[in-house]
Amino acid sequence: MTDGSALIAAIDWIAKESNDRSSRFYQKVEAGRVAAMGMSCGGLMSYGASADPRVATVGIWNSGLMQPDEKIWAGLHSPVIIVTGGESDIAYANGKRDFETMPAQIPVFYGVYPSIGHGGTYSQDNGGAFGVTALAWLKWQLMNDTSAKGQGYFVGSNCGICTDSNWQVQSRGLK
């Protein structure tokens, strides 16, 4: 389940396209700095791609490893976000354990939206609260956005998600 080869192939493909003058993606993608993110089984695939040096951040949505995986942990080299629904989310316990057992040197954010199950808020307009969270994370991690809609959504005394009573959050090593 943690085979990230499909995601790595996608990174290879977009890297080629971004260098091809005839491609609509020509010079539009910074393929050396991408996110590996996925929901449910896609989260496991994201872990599988996480060791690729082009992966600048990893997103685990409604997912988590079936058991801690030392090979995955050893390959991680970039910040990780783990987001799950509450205890009714089949992946809740796995995501929680991943946060608790992830190596201390890996910056990680862990968010739980207790009122939601495994389907997250994806069916809501713009992905709902999970969509807002994903966008803020990507703005921060890939675009170096230090505003309240990027880094400020996750860190600081008044961080946006931290002050939202719909969320339960923890983090380690984020600056």
Side-chain angles (χ1 to χ4, degrees), residues 4 6-21 23-39 42-64 72-84 95 98-100 102-113 120-122 124-164 166-175:
L7 294 178
I8 293 169
I11 298 168
D12 292 342
W13 177 82
I14 198 65
K16 181 178 175 241
E17 291 291 308
S18 69
N19 290 318
D20 180 350
R21 290 183 185 275
S23 171
R24 67 184 174 129
F25 300 110
Y26 179 62
Q27 295 184 340
K28 292 185 178 174
V29 178
E30 189 179 339
R33 187 169 170 73
V34 299
M37 300 179 98
M39 187 265 185
L44 298 176
M45 290 174 65
S46 297
Y47 272 136
S50 65
D52 189 293
R54 299 169 294 183
V55 173
T57 187
V58 178
I60 308 300
W61 301 87
N62 304 93
S63 188
I72 297 290
W73 289 165
L76 282 172
H77 59 88
S78 57
V80 176
I81 183 171
I82 302 169
V83 175
T84 69
D98 285 1
F99 173 75
E100 292 169 346
M102 192 167 287
Q105 74 271 17
I106 300 299
V108 59
F109 176 87
Y110 174 55
V112 175
Y113 205 93
T121 63
Y122 309 111
Q124 298 173 13
D125 287 348
N126 299 312
F130 284 28
V132 169
T133 303
L135 184 58
W137 184 261
L138 292 171
K139 282 180 150 187
W140 178 24
Q141 297 301 315
L142 299 180
M143 301 171 75
N144 298 313
D145 183 338
T146 58
S147 76
K149 292 185 178 186
Q151 179 185 26
Y153 193 73
F154 298 97
V155 298
S157 58
N158 291 314
C159 85
I161 198 168
C162 305
T163 59
D164 184 336
N166 293 305
W167 286 96
Q168 295 172 355
V169 300
Q170 298 179 62
S171 65
R172 235 185 3 257
L174 298 177
K175 297 175 185 169

For residues Ile106 and Ser78, report the shortest heavy-atom separation together with the two atoms involved.
CG2-O, 3.6 Å
Charged tip of Arg172 within 45° of Phe99 ring normal and under 6.0 Å
yes
How close do Gly38 and Ser46 get, counting heavy atoms only, and between which atoms?
N-OG, 3.0 Å
Classify the angle between the aromatic ring planes of Trp140 and Phe154 as parallel (below 30°), tilted (30 to 60°) or perpendicular (above 60°).
parallel
Would the distance check show the side chain of Gln151 and the main-chain N or O of Lys175 forming a donor-acceptor pair, the cut-off being under 3.5 Å?
yes
In short, Val55 meets Thr57 closest at the heavy-atom pair CG1-O, 3.3 Å
Note: Ser63 and Ile82 closest approach over all heavy atoms is O-CG2, 4.5 Å
Atom pair CG/CE of Leu44 and Met39 - distance to nearest 0.5 Å
11.5 Å
How about Met102 and Ile72: do any of their side-chain heavy atoms sit closer than 4.5 Å?
no
Taking C-beta and beyond as the side chain, do Leu142 and Arg33 meet within less than 4.5 Å on heavy atoms?
yes
Passing candidate, ring pair (Phe, Tyr, Trp, His ring centres under 6.0 Å) with Trp167, options Phe130, Tyr153, Tyr110:
Phe130
Kindly compute the distance separating CD1 (Ile14) from CG (Asp12), expressed to the nearest 0.5 Å.
11.0 Å
Working for side chain to side chain contact (heavy atoms under 4.5 Å, CB included), residues Thr133 and Trp61:
CA-CA 11 Å; Thr133 303; Trp61 301 87; 4.0 Å; yes
CG of Asp20: more than 12 outside heavy atoms within 6.0 angstrom?
yes
Verdict with reasoning, Leu7 to Met37, per side chain to side chain contact (heavy atoms under 4.5 Å, CB included):
CA-CA 9 Å; Leu7 294 178; Met37 300 179 98; over 6 Å; no
For the residue pair Val58 and Ser50, what are the closest heavy atoms and their distance?
CG2-CB, 3.6 Å
Please lay out, stage by stage, how Phe109 and Val169 fare under the test side chain to side chain contact (heavy atoms under 4.5 Å, CB included).
CA-CA 8 Å; Phe109 176 87; Val169 300; 3.5 Å; yes
Please walk me through it: do Gln170 and Val108 pass side chain to side chain contact (heavy atoms under 4.5 Å, CB included)?
CA-CA 9 Å; Gln170 298 179 62; Val108 59; over 6 Å; no
Value rounded to 0.5 Å, distance of CD in Gln105 from CG in Leu76:
8.5 Å
Do Tyr47 and Asp98 come within less than 4.5 Å of each other through their side chains, counting heavy atoms only?
yes
Minimal heavy-atom distance between Lys139 and Lys149, with the atoms involved, is CD-O, 3.6 Å
